[in-house]
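The structure under discussion appears below in the form of structure tokens.
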Amino acid sequence: MCGRYSLVCDAGHLQAYYDLANTGVFAGPRFNIAPTQQVPAIVAVNGERHLELFHWGLIPSWADDSKLGYSTINARAETVGEKPAFRAAFRHRRCLIPADGFYEWQGEKGHKHPWRIEPDNRDEFFSFAGLWAAWESGADVIRSCTIIAGPANLLVQPISDRMPVMVPREAWALWLDPDTGMEALQPLLKPPPAEGMRAYRVGEHVNNPNHDDPACLFPA
DNA sequence: CCAGACGTTGTT
DNA sequence: GTCTGG
DNA sequence: CCAGACGTTGTT
DNA sequence: GTCTGG
């Protein structure tokens, strides 16, 4: 599962790495991004890549209550094409959620410890496979998103059974194209290679979602 | 037919 | 919106 | 994901 | 225990 991540970078780096047409919505380095917050995601607009903000926790267009978003921060890779809450978004509204690390908690309730997983190379990003939706609330439109999660790779396995699905650079265009068919998408939903990423235990500081500072990165 | 759910992880 | 349960 | 609240009436 | 908020 993926319930917390970071984006500790400047807008220029993001723009160059993803060839973005805009980065205006990026509000600066984030060490501890939590569900229900506005998160930057990349979508295809008229052949360009745009960075836009979405409420983390997908609210389908038909929801009669935004509360559904509390339990849709992740979508299971195994069923995302079938579940009513995700199916339409999986077919037509995919996005990439850039991250430079994410957190997983190891152990059982009562004695859990946070770990950080990040790219080996400081210049790399993880590109989480995401979905988005638009939900109308009176005159307002809430745009929301979710991160697809699947089985963990060998690096993450000792920490957690699940981890975010990631889209490799060569598949970005396919993933973001609203017209891509399901049969081409399904093969992308596999665990990311363990090569190129590392994990280390961090302090409990990151547990509190109000802590959004460099101490979240400190080894325990 | 209408009513009600639509989700995840982890633990039991 | 669309599916399941009654 | 974790942290923190979880309730009422009436008064400031 | 369960829901809401971040």
Side-chain angles (χ1 to χ4, degrees), chain A residues 1-8 27-40 53-93 97 99-118 126 128-137 141-142 144-153 156-165 182 189 191 199-213 215-218 220:
Chain A
M1 188 172 190
C2 178
R4 223 65 88 71
Y5 70 97
S6 70
L7 194 53
V8 186
R30 293 291 312 278
F31 301 87
N32 192 5
I33 298 172
T36 72
Q37 296 177 350
Q38 294 287 120
V39 305
L53 293 179
F54 296 85
H55 167 98
W56 183 9
L58 191 131
I59 307 165
S61 61
W62 44 258
D64 35 39
D65 196 328
S66 67
K67 281 190 284 192
L68 185 59
Y70 284 117
S71 51
T72 51
I73 66 172
N74 292 126
R76 288 180 65 84
E78 297 89 334
T79 54
V80 69
E82 300 143 31
K83 294 280 186 178
F86 301 121
R87 189 176 54 184
F90 182 61
R91 279 199 284 228
H92 306 299
R93 289 181 301 277
I97 299 176
D100 51 22
F102 62 97
Y103 304 97
E104 295 285 352
W105 278 258
Q106 180 184 52
E108 296 164 23
K109 200 173 163 186
H111 26 97
K112 291 179 113 171
H113 300 295
W115 288 67
R116 176 177 169 81
I117 299 91
E118 63 182 17
F126 292 143
F128 297 157
L131 309 174
W132 66 273
W135 182 72
E136 289 184 27
S137 159
V141 175
I142 296 181
S144 60
C145 67
T146 189
I147 295 170
I148 300 178
N153 64 20
V156 176
Q157 191 76 72
I159 304 164
S160 166
D161 287 344
R162 314 281 296 173
M163 73 183 292
V165 170
M182 301 251 287
L189 305 182
Y200 64 94
R201 195 172 148 187
V202 293
E204 317 285 324
H205 185 76
V206 74
N207 286 9
N208 190 327
N210 296 317
H211 296 163
D212 188 13
D213 54 46
C216 293
L217 311 180
F218 295 173

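Chain A is the first sequence line, chain B the second, and so forth, proteins listed ahead of strands; every chain is numbered from 1. Any value given below was found using the heavy atoms of this structure, including those in side chains, with hydrogens, waters and symmetry copies removed.
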* Counting any heavy atom closer than 4.0 Å, what does A:A85 reach on the DNA or RNA strands: base, sugar-phosphate only, or nothing? -> sugar-phosphate

* Is there a donor and acceptor pair closer than 3.5 Å between the side chain of A:S71 and the base of B:dG7? -> yes

* Spacing of A:M163 atom CE relative to B:dG10 atom P, expressed in whole Å -> 13 Å

* In whole angstrom, give me the gap between the C1' atoms of B:dG7 and E:dT4. => 16 Å

* Euclidean distance for C1', E:dT2 against B:dT9 (whole angstrom) -> 15 Å

* Asked: Closest to the A:K112 side chain: B:dG10, E:dT4, D:dC2?
  -> D:dC2

* Structure fact -> The Watson-Crick or G-U wobble partner of E:dC3, with both key distances under 3.5 Å, is D:dG4

* To do: Calculate, to the nearest 0.5 Å, the distance between atoms CH2 and CG belonging to A:W135 and A:D65 respectively.
  => 6.5 Å

* To do: Give the nucleotide from the list D:dA3, B:dG10, B:dG7 with an atom nearest to the side chain of A:S160.
  => B:dG10

* Asked: Is the distance from OP1 or OP2 of C:dG1 to the nearest side-chain N or O of A:R87 less than 4.0 Å?
  -> no

* Going by 5.5 Å between centroids and 30° between planes, is there a stack of A:W62 over B:dC6? -> yes

* Structure fact -> Against the side chain of A:K67, the closest entry in E:dG6, E:dT4, B:dG10 is E:dT4

* Asked: So which nucleotide from B:dC6, D:dC1, D:dA3 ends up closest to the side chain of A:P84?
  -> B:dC6

* Structure fact -> Of E:dG6, B:dG7, B:dG10, the nucleotide closest to the side chain of A:R162 is B:dG10

* Can you tell me how far CD of A:E82 sits from CE of A:M182, rounded to the nearest 0.5 angstrom? -> 7.5 Å

* Shortest non-hydrogen contact between A:T146 and A:T72, atoms and distance -> OG1-O, 2.8 Å

* Value in whole Å for how far the P atom of C:dG1 lies from NE2 of A:H92 -> 14 Å

* **Interatomic distance at P, B:dG10 relative to D:dC1, whole Å** => 7 Å

* Could you work out the separation of B:dC6 and E:dG6 based on their C1' atoms and round it to a whole Å? => 24 Å

* Structure fact -> Rounded to whole Å, the OH-P distance (A:Y70 to D:dA5) equals 14 Å

* Could you check how far CG of A:N210 sits from P of D:dA5, rounded to whole Å? => 11 Å

* Asked: Name the one of A:N208, A:V8, A:N32 that satisfies side-chain contact (heavy atoms from CB on, under 4.5 Å) with A:C216?
  -> A:N32

* **Min side-chain heavy-atom separation A:I33-A:R4 under 4.5 Å** => no

* Any A:Y5 side-chain nitrogen or oxygen under 4.0 Å from OP1 or OP2 of D:dC1 -> no

* Asked: Nearest to the side chain of A:E108 - D:dA3, B:dT11, E:dG6?
  -> B:dT11

* To do: Please tell me which of the listed nucleotides, E:dG6, D:dC2, B:dG7, lies nearest to the side chain of A:K83?
  => B:dG7

* Structure fact -> d(A:I148 CD1, A:E78 CD) to nearest 0.5 Å is 10.5 Å

* **Between P of E:dT4 and CH2 of A:W56, the distance in whole Å** => 19 Å

* Rounded to whole angstrom units, what separation is found between the CG atom of A:N74 and the P atom of B:dG7? -> 13 Å

* To do: Check every strand shown and say whether A:I73 touches a base, only sugar-phosphate, or nothing at a heavy-atom separation below 4.0 Å.
  => base

* To do: Remember a base hit wins even if backbone is also touched, and classify A:A75 as base, sugar-phosphate or nothing at under 4.0 Å, heavy atoms.
  => sugar-phosphate

* **Inter-nucleotide C1' distance (D:dC2, B:dT8), Å rounded** => 15 Å

* C1' atoms of E:dG5 and B:dG4, separation to the nearest Å -> 26 Å

* Can you check the A:D212 CG to E:dG5 P distance for me, whole Å? -> 20 Å

* Per the ring-ring contact (aromatic ring centres under 6.0 Å, His included) rule, which among A:F128, A:Y103, A:F31, A:F102 passes with A:Y5? -> A:F128

* To the nearest angstrom, how far is A:W105 atom CH2 from B:dT8 atom P? -> 19 Å

* Asked: Touch check for A:F86, heavy atoms < 4.0 angstrom, all strands: base, sugar-phosphate only, or nothing?
  -> sugar-phosphate

